[in-house]
Amino acid sequence: MDIRPATEADLEAVAAIAASQPRSAGWNLAQFKEALERIWVLDDGQVRGYAVFYEVFPEAQLVDVAIRPDDEGLGLGRRLLETAVAAFKERAFTRVTLEVSGGNEAARGLYDALGFKVVGRRPKFYNDGSDAILMDLDLS
């Protein structure tokens, strides 16, 4: 399985994955096109997942990550994020940040396992009343 920067040919698959995941950022194809240079994909002949990172050196921010529903639970999200984090570390980034819904236990468990630490909270931030949990991963 290859983890690589997205190409324009990947974007329809990325948008379809986003549409299939209720906890994704909810972007449409045009928004993914605007963010093309910020998207990583997990690909084995078809796109199985993606992650979107904004980079403001020396920090990277994970904005969205999703795996195809049929591929959930296989460790693909972890593999995608581990590869991205390693690449940021190699490029001398010092931190990766993210925000996750307090109600998204699966994502929070993954981020905890990867070493992210809670650094803040925005109470009742999401429409469902859940808190936004702010997390950082120190790469230094």
Side-chain angles (χ1 to χ4, degrees):
M1 203 155 302
D2 191 24
I3 297 170
R4 59 174 175 74
T7 66
E8 194 159 337
D10 299 319
L11 294 182
E12 285 190 28
V14 168
I17 292 168
S20 73
Q21 292 292 1
R23 293 191 184 267
S24 76
W27 290 6
N28 61 35
L29 183 59
Q31 290 167 304
F32 282 114
K33 282 184 181 181
E34 288 178 20
L36 177 61
E37 69 279 359
R38 298 178 177 100
I39 303 170
W40 297 57
V41 295
L42 184 91
D43 174 19
D44 68 350
Q46 63 181 359
V47 175
R48 298 198 177 271
Y50 70 89
V52 181
F53 289 91
Y54 283 94
E55 299 176 21
V56 180
F57 189 81
E59 295 185 3
Q61 180 184 23
L62 175 62
V63 178
D64 193 18
V65 60
I67 301 297
R68 288 180 354 154
D70 291 347
D71 294 323
E72 288 179 337
L74 302 176
L76 300 180
R78 181 184 187 108
R79 188 169 169 189
L80 176 59
L81 293 179
E82 285 175 338
T83 300
V85 165
F88 287 125
K89 192 170 188 172
E90 186 175 295
R91 293 172 47 209
F93 279 69
T94 60
R95 181 181 329 254
V96 178
T97 67
L98 62 86
E99 173 188 300
V100 62
S101 169
N104 191 343
E105 294 297 327
R108 289 183 59 203
L110 172 60
Y111 303 142
D112 286 340
L114 292 172
F116 282 84
K117 303 293 182 210
V118 174
V119 296
R121 181 180 297 266
R122 293 184 182 118
K124 299 182 182 179
F125 182 79
Y126 292 101
N127 290 336
D128 66 1
S130 63
D131 293 353
I133 308 297
L134 309 175
M135 303 181 83
D136 285 1
L137 177 64
D138 185 5
L139 301 180
S140 56

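In the hydrophobic clustering of ILVMFWY residues, with side-chain heavy atoms under 4.5 Å counting as a link, Leu62 and Val118 come out together. No single ILVMFWY cluster, assembled from side-chain heavy atoms under 4.5 Å apart, contains both Leu137 and Val56. Hydrophobic clustering of Ile, Leu, Val, Met, Phe, Trp and Tyr side chains at less than 4.5 Å, counting indirect connections, keeps Leu134 apart from Val63.
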Start with the C-alpha gap between Val65 and Val52, add the side-chain angles, then the distance that decides, and say whether side-chain contact (heavy atoms from CB on, under 4.5 Å) holds. CA-CA 6 Å; Val65 60; Val52 181; over 6 Å; no
Take Val100 and Met135 through the test side-chain contact (heavy atoms from CB on, under 4.5 Å) and record every step on the way to the result. CA-CA 8 Å; Val100 62; Met135 303 181 83; 4.0 Å; yes
Check against salt bridge (charged side-chain N to carboxylate O under 4.0 Å, His left out), Asp43 and Arg48: CA-CA 6 Å; Asp43 174 19; Arg48 298 198 177 271; over 6 Å; no
Report the C-alpha distance between Val47 and Ile17 in whole Å, list the side-chain angles of each, state the deciding distance to 0.1 Å, and finish with yes or no for side-chain contact (heavy atoms from CB on, under 4.5 Å). CA-CA 9 Å; Val47 175; Ile17 292 168; 3.9 Å; yes
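Between Asp131 and Arg122 there is no side-chain heavy-atom pair separated by less than 4.5 Å. For the pair Leu98/Phe116, a side-chain contact is recorded, criterion being any heavy-atom separation below 4.5 Å from C-beta on. Under the 4.5 Å side-chain criterion, counting only non-hydrogen atoms from C-beta, Glu59 is not in contact with Tyr54. Residues Tyr111 and Ile133 fail the side-chain proximity criterion, which asks for heavy atoms closer than 4.5 Å. Between Arg121 and Glu99 there is no side-chain heavy-atom pair separated by less than 4.5 Å. Within the 4.5 Å cutoff, the side chain of Ser24 has heavy atoms near those of the Tyr50 side chain. For the pair Asp2 and Asp44, the minimum side-chain heavy-atom distance is 4.5 Å or more. Counting only heavy atoms from C-beta outward, the side chains of Glu55 and Gln61 never approach each other to under 4.5 Å.
For Ser20 against Pro22, the heavy-atom pair with the smallest separation is O-CD, 3.6 Å. Of all non-hydrogen atoms in Ala66 and Gln21, the two that sit nearest each other are CB-CG, 4.0 Å. Ala60 and Phe53 make their closest contact through CB-CD2, 4.5 Å (heavy atoms, listed as atom of the first residue, atom of the second, distance).
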Residues 73-85 side chain polar contacts: donor-acceptor under 3.5 Å, at least two apart:
| from | atom 1 | to | atom 2 | distance (Å) |
| --- | --- | --- | --- | --- |
| Arg78 | NE | Glu82 | OE2 | 2.9 |
| Arg79 | NH2 | Met1 | O | 3.3 |
| Thr83 | OG1 | Arg79 | O | 2.9 |

Could you pull out every donor-acceptor pair under 3.5 Å between side chains of residues 27-42 and any protein atom, sequence neighbours left out?
| from | atom 1 | to | atom 2 | distance (Å) |
| --- | --- | --- | --- | --- |
| Asn28 | OD1 | Ala30 | N | 3.0 |
| Asn28 | OD1 | Gln31 | N | 2.9 |
| Gln31 | OE1 | Asn28 | N | 2.8 |

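Applying the 6.0 Å contact sphere to CD of Gln46 captures more than 12 heavy atoms from other residues, nucleotides or ligands.
Here Arg23 does not pair with Asp64 in a salt bridge; the nearest charged N to carboxylate O distance is not below 4.0 Å. Looking at Asp136 and Arg95, a side-chain N of the basic residue comes within less than 4.0 Å of a carboxylate O on the acidic one, giving a salt bridge.
Formation of a donor-acceptor pair under 3.5 Å by the Asn104 side chain with backbone atoms of Ser101 is not found in this model.
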